[in-house]
Amino acid sequence: MKIPFLDLKRQYRTIKEEIDSAIREVVESGRYIGGDKVSSFEEHIADYIGVKYAIGVSSGTDALLASLMALDVGPGDEVITSPFTFIATAEVVSFLGAKPVFVDIDEKSFNIDPDKIEDKITDKTKAIVPVHLFGQMADMDRIMEIARRHGIAVVEDAAQAIGATYKAKMACSIGDIGCLSFFPSKNLGAFGDGGMVCTNDESISRKVRMIREHGSEKKYYHKRIGFNGRLDSIQAAILDVKLHYLDRWAESRIDNAEFYNERLSGYVKTPSVTVEGKHVYNQYSVLTDKRDELVDFLNSRGVPTAVYYPVPLHLQEVFRPYGYKEGDFPVSERISRSILSLPIFPELYQEEKEYIVETVAGFYKNQ
Ligand SMILES: *Cc1c(COP(=O)(O)O)cnc(C)c1O
């Protein structure tokens, strides 16, 4: 059996007619930038998340960038985040001339460890960016309490966590700003790049709207530095269709995760749900001390795997100038050597899931 890690064509086939007609409508309208499709999708996301404002942008990376720009993060500033995330989270901090200050993760949730944040706060700290890794939210009560006490902003990186909850609150509704990505492999994926900035703060929402539009509110009158950061109309139309299915797809991911948890728990360390709320499993990531051998065994038998992430950010070449070194964040380092993700997408067939768990079991029975 040859199983895909993620097959977006399967999802498309289930909603082809609706998607095709949404695309056709945009193409025939002649309105390809902005317009009703973008503003109505923004309203639907704001309703879904439960925030006052949602601003469509060109990617999750640009959502983070525009958010930090709206907070006036710049040279000399520090931004606290996790070293165990996709590069974009910290890259945008460096891009603005500020310093990413890493705080190690909790070994169960893989999210930033709130116990270790306060030690890293200085008078230069402008923001904390918790990442809701793999679809499970960071410990937001603790993080918000620390941030409020020090007068620091919180920007949620919810690129992997649309629809996830923490004590009945949606990802992106708790921090000062929340960032979403619509990269095709995310739980709500476009047919290209896209992102969204969510906030309840009117002034931040106005700034982000300006920033995504070259710093202007009125065409050809520029108040600040921005960039071309808009969400395409065609992507908004596609995403608006898909938003109706998002919760159902999340339920399928949760069902798949429960199936794996039950069948794999004797062999590998299955994911822990550590906060009160919903884990939406953008990735299903297990721990094993035989990671590389297991990867080879699975891949050679048609079971694809992925490693998120093989190198924590503090050890990435690009961040070498900051002087971080091996041993600085031992939990992230250890986990990056033992983590492994299995296919979890909603349209997996039952026989594929059976084959995956049997193949993992086969590896351990041969040991
Ligand atoms: C995907 C992702 C991003 C970036 O989103 P893009 O839409 O690809 O720019 C940022 N942070 C995390 C944690 C991500 O997974």
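Computation of the quantities below employed the complete heavy-atom set of this structure, encompassing side-chain atoms and omitting hydrogens, waters and symmetry-equivalent molecules. In listed order, ligands and their atoms are each counted from 1.
For the residue pair His244 and Glu18, no side-chain donor N or O sits within less than 3.5 Å of a side-chain acceptor on the partner. A donor-acceptor pair shorter than 3.5 Å cannot be found between the side chains of Glu347 and Thr14.
Under the 4.5 angstrom side-chain criterion for Ile, Leu, Val, Met, Phe, Trp and Tyr, Val38 has no cluster partners at all. In this structure, Ile19 belongs to a hydrophobic cluster whose other members, linked by side-chain heavy atoms under 4.5 Å apart, are Tyr12, Ile15, Ile23, Val26, Val27, Tyr32, Phe191, Ile234, Ile238, Val241, Tyr245, Trp249. Cluster partners of Phe183, using a side-chain heavy-atom cutoff of under 4.5 Å among ILVMFWY residues and allowing indirect links: none.
Looking at Tyr281 and Pro271, their side chains come closer than 4.5 Å, going by heavy atoms from C-beta outward.
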Could you pull out every N or O of ligand 1 that sits under 3.5 Å from a protein N or O, with the distance for each pair?
from, atom 1, to, atom 2, distance (Å)
ligand 1, 5 (O), Ser181, OG, 3.3
ligand 1, 7 (O), Gly60, N, 2.8
ligand 1, 7 (O), Ser181, OG, 2.6
ligand 1, 9 (O), Gly60, N, 3.4
ligand 1, 9 (O), Thr61, N, 2.8
ligand 1, 9 (O), Thr61, OG1, 2.5
ligand 1, 11 (N), Asp157, OD1, 3.3
ligand 1, 11 (N), Asp157, OD2, 2.8
ligand 1, 15 (O), Gln160, NE2, 2.8
ligand 1, 15 (O), Lys186, NZ, 2.9

